[in-house]
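This report concerns only the one structure given below.
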Amino acid sequence: MYELHHLKGNTYYIDGYTNLGLYKLNETDVVLIDVPVKAAGAAIETLLRRYGFKLKYIVNTHSHPDHSGCNEYLIKQTGCEIITSRIERAFMRNNKLDLGFLSGGYPLDNYDTPLMHVDEQHDIRSFLHLPQGLRSFKLPGHHYDMRGIKTSDGVYFIADSICTKKLIDKEHIMLIYDIQGYKKSLNYIKSLKGHIMVPSHCPISTDLNDLADYNLAKMAEIEKVILDVLAIDLSYDDIIAKVLAHYNIRISYNKYLLMGSTIRSYISYLCHNKKLKSYFKDNKLMFTKVLD
């Protein structure tokens, strides 16, 4: 746990609950690509000291706490700078924004746990300030403006753009904001076959085609489940309840927050693709299946 592994050239990764990137700018100065939750800050600092590295930048692919949680700790210990996208920067600065974004309004107190947000008030730079040797690329789908990072060694850090079979089989409904965007990212990953890819929550690989197809197949399955439960017209909450029941998911506040948001995104996607349409009945937004 939290050991350094060489990939190619100046590019390394650090294992953990989330795979992290490390890129050497020179013999001492390094960039971290994502950092773990706040509690792991000391472990990362210890690793950097062990190798005599000076942390210059942290690049956050997106704002979720398992990718940015110990930013503040490492800033205080090392004086490093933070780089992320403009929109993700806004999420990192306001500890209610992501919760409100997912819930569709000011969030219930029940949703407000330390694992659900970060709250950073320091300066955060944009991707225009990426150091030489790194470039960002868009990975739509999982979060509002998630980015991947490619190093000069041709290694791709692809963040939360793909899930393991084990997690999909256990949870079924992964957190996705943009269904079409997530499919686009999965197909982009398939085009990277032969390159070293570092997903945040999957093993490092040069071929993720089968896993990408598994993710795409689950997404198609969820779309079919939503269409099947709409044998009669239903509201958002009714659809969410029936989809969760189909997968026998034991619900909690945070699961409802994440899975409910994702199911609403699927509904929007199906409406956009003319498979569902919406209307109002008794002051409720209802959905009906479009007949072939």
Side-chain angles (χ1 to χ4, degrees), residues 1-5 7 11-22 32-40 43-44 58-71 84 88 91 98 102 115-118 136-151 155-179 181-190 192-193 195-219 222 249 254-255 257-259 261-262 265:
M1 181 70 75
Y2 301 122
E3 294 294 332
L4 187 67
H5 305 273
L7 289 171
T11 307
Y12 299 73
Y13 83 96
I14 301 168
D15 59 17
Y17 295 110
T18 303
N19 292 324
L20 316 170
L22 185 145
L32 286 179
I33 301 168
D34 284 337
V35 293
V37 294
K38 184 176 181 180
I44 299 301
I58 296 170
V59 178
N60 298 126
T61 59
H62 60 298
S63 59
H64 287 161
D66 57 337
H67 298 262
S68 64
C70 65
N71 278 4
T84 195
E88 296 297 325
F91 280 96
D98 206 23
L102 291 168
L115 293 178
M116 290 301 297
H117 61 73
V118 291
S136 70
F137 55 94
K138 288 184 175 292
L139 281 175
H142 174 67
H143 202 242
Y144 207 97
D145 193 21
M146 187 174 76
R147 304 291 183 94
I149 300 296
K150 180 187 178 184
T151 76
V155 178
Y156 291 79
F157 290 87
I158 58 173
D160 285 1
S161 56
I162 195 166
C163 292
T164 63
K165 290 183 179 181
K166 182 179 179 180
L167 185 61
I168 290 171
D169 292 343
K170 178 184 177 184
E171 300 292 345
H172 301 286
I173 302 168
M174 303 297 103
L175 177 59
I176 303 175
Y177 164 66
D178 174 3
I179 304 302
Y182 200 82
K183 291 181 177 183
K184 181 178 179 181
S185 290
L186 287 168
N187 283 308
Y188 177 68
I189 288 168
K190 291 173 69 173
L192 297 178
K193 182 177 179 179
H195 296 278
I196 299 172
M197 291 172 277
V198 185
S200 292
H201 302 288
C202 303
I204 285 76
S205 179
T206 57
D207 184 356
L208 290 170
N209 283 21
D210 288 347
L211 184 56
D213 285 338
Y214 198 83
N215 279 251
L216 288 164
K218 173 57 75 171
M219 296 178 75
I222 293 169
I249 292 170
N254 283 349
K255 267 192 177 177
L257 178 71
L258 300 174
M259 292 184 175
S261 173
T262 299
S265 292

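Below, each value reflects all heavy atoms present in this structure, side chains not excepted, and no hydrogens, waters or symmetry copies. One is the number of the first residue; the rest follow in order along the sequence.
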Counterpart residues, salt bridge (Lys or Arg N to Asp or Glu O under 4.0 Å), relative to [X] (two or more places apart):
{"X": "Asp178", "answer": "none"}
{"X": "Lys184", "answer": "none"}
{"X": "Asp207", "answer": "Lys193"}
{"X": "Lys218", "answer": "Glu221"}

State, yes or no, whether a side-chain contact exists between [X] and [Y] at a heavy-atom distance under 4.5 Å.
{"X": "His201", "Y": "Asp66", "value": "yes"}
{"X": "Leu139", "Y": "Ile158", "value": "yes"}
{"X": "Thr11", "Y": "Ile196", "value": "no"}
{"X": "Val198", "Y": "Ile33", "value": "no"}

ask   = With sequence neighbours left out, which residue pairs that include part of residues 161-171 fulfil the side-chain hydrogen bond (donor to acceptor under 3.5 Å, both in side chains) condition?
value = Asp169-Tyr214, Glu171-Lys255
Minimum heavy-atom distance [X]-[Y], with the two atoms named:
{"X": "Met146", "Y": "Glu88", "value": "N-OE2, 3.8 Å"}
{"X": "Ser200", "Y": "Asp160", "value": "CB-OD1, 3.1 Å"}
{"X": "Tyr2", "Y": "Asp15", "value": "N-OD1, 2.7 Å"}
{"X": "Pro140", "Y": "Ser185", "value": "O-OG, 2.7 Å"}
{"X": "Cys202", "Y": "Ile162", "value": "SG-O, 3.8 Å"}
{"X": "His142", "Y": "Tyr182", "value": "N-CD1, 3.7 Å"}

Out of curiosity, [X] [atom1] to [Y] [atom2], how far, rounded to the nearest 0.5 Å?
{"X": "Tyr13", "Y": "Leu20", "atom1": "OH", "atom2": "CG", "answer": "10.5 Å"}
{"X": "Asn209", "Y": "Leu186", "atom1": "CG", "atom2": "CG", "answer": "10.5 Å"}
{"X": "Leu211", "Y": "Ile189", "atom1": "CG", "atom2": "CD1", "answer": "8.5 Å"}
{"X": "Asn215", "Y": "Ile176", "atom1": "CG", "atom2": "CD1", "answer": "8.0 Å"}
{"X": "Leu7", "Y": "Tyr156", "atom1": "CG", "atom2": "OH", "answer": "14.0 Å"}
{"X": "Leu192", "Y": "Leu208", "atom1": "CG", "atom2": "CG", "answer": "8.5 Å"}

Trace of the side chain to side chain contact (heavy atoms under 4.5 Å, CB included) decision for Thr84 with His62 = CA-CA 7 Å; Thr84 195; His62 60 298; over 6 Å; no
task = Check side-chain hydrogen bond (donor to acceptor under 3.5 Å, both in side chains) between Thr61 and all other residues, then give those that pass, not counting sequence neighbours.
result = Asp34
task = Begin from the C-alpha positions of Phe157 and Thr151 and carry the test side chain to side chain contact (heavy atoms under 4.5 Å, CB included) through to its verdict.
result = CA-CA 8 Å; Phe157 290 87; Thr151 76; 3.8 Å; yes
message = A quick test of your reading: do over 12 heavy atoms of other residues, nucleotides or ligands sit less than 6.0 Å from NZ of Lys190?
response = yes
request  = Would you indicate whether Tyr17, at its atom OH, is surrounded by more than 12 heavy atoms from other residues, nucleotides or ligands within a distance under 6.0 Å?
outcome  = no
request  = Assess whether side chain to side chain contact (heavy atoms under 4.5 Å, CB included) is satisfied between Ile222 and Ile173, documenting all intermediate values.
outcome  = CA-CA 8 Å; Ile222 293 169; Ile173 302 168; 4.2 Å; yes
request  = Kindly determine whether Arg147 and Asn60 satisfy side chain to side chain contact (heavy atoms under 4.5 Å, CB included), including the steps that lead there.
outcome  = CA-CA 8 Å; Arg147 304 291 183 94; Asn60 298 126; over 6 Å; no
query = Within the side chain of Ser265, is there an N or O that forms a donor-acceptor pair under 3.5 Å with the backbone of Ile179?
reply = no
ask   = Is there a donor-acceptor contact under 3.5 Å from the side chain of Thr262 to the main chain of Met174?
value = yes
ask   = For Phe91, which of His143, His64, His67 qualifies under ring-ring contact (aromatic ring centres under 6.0 Å, His included)?
value = His143
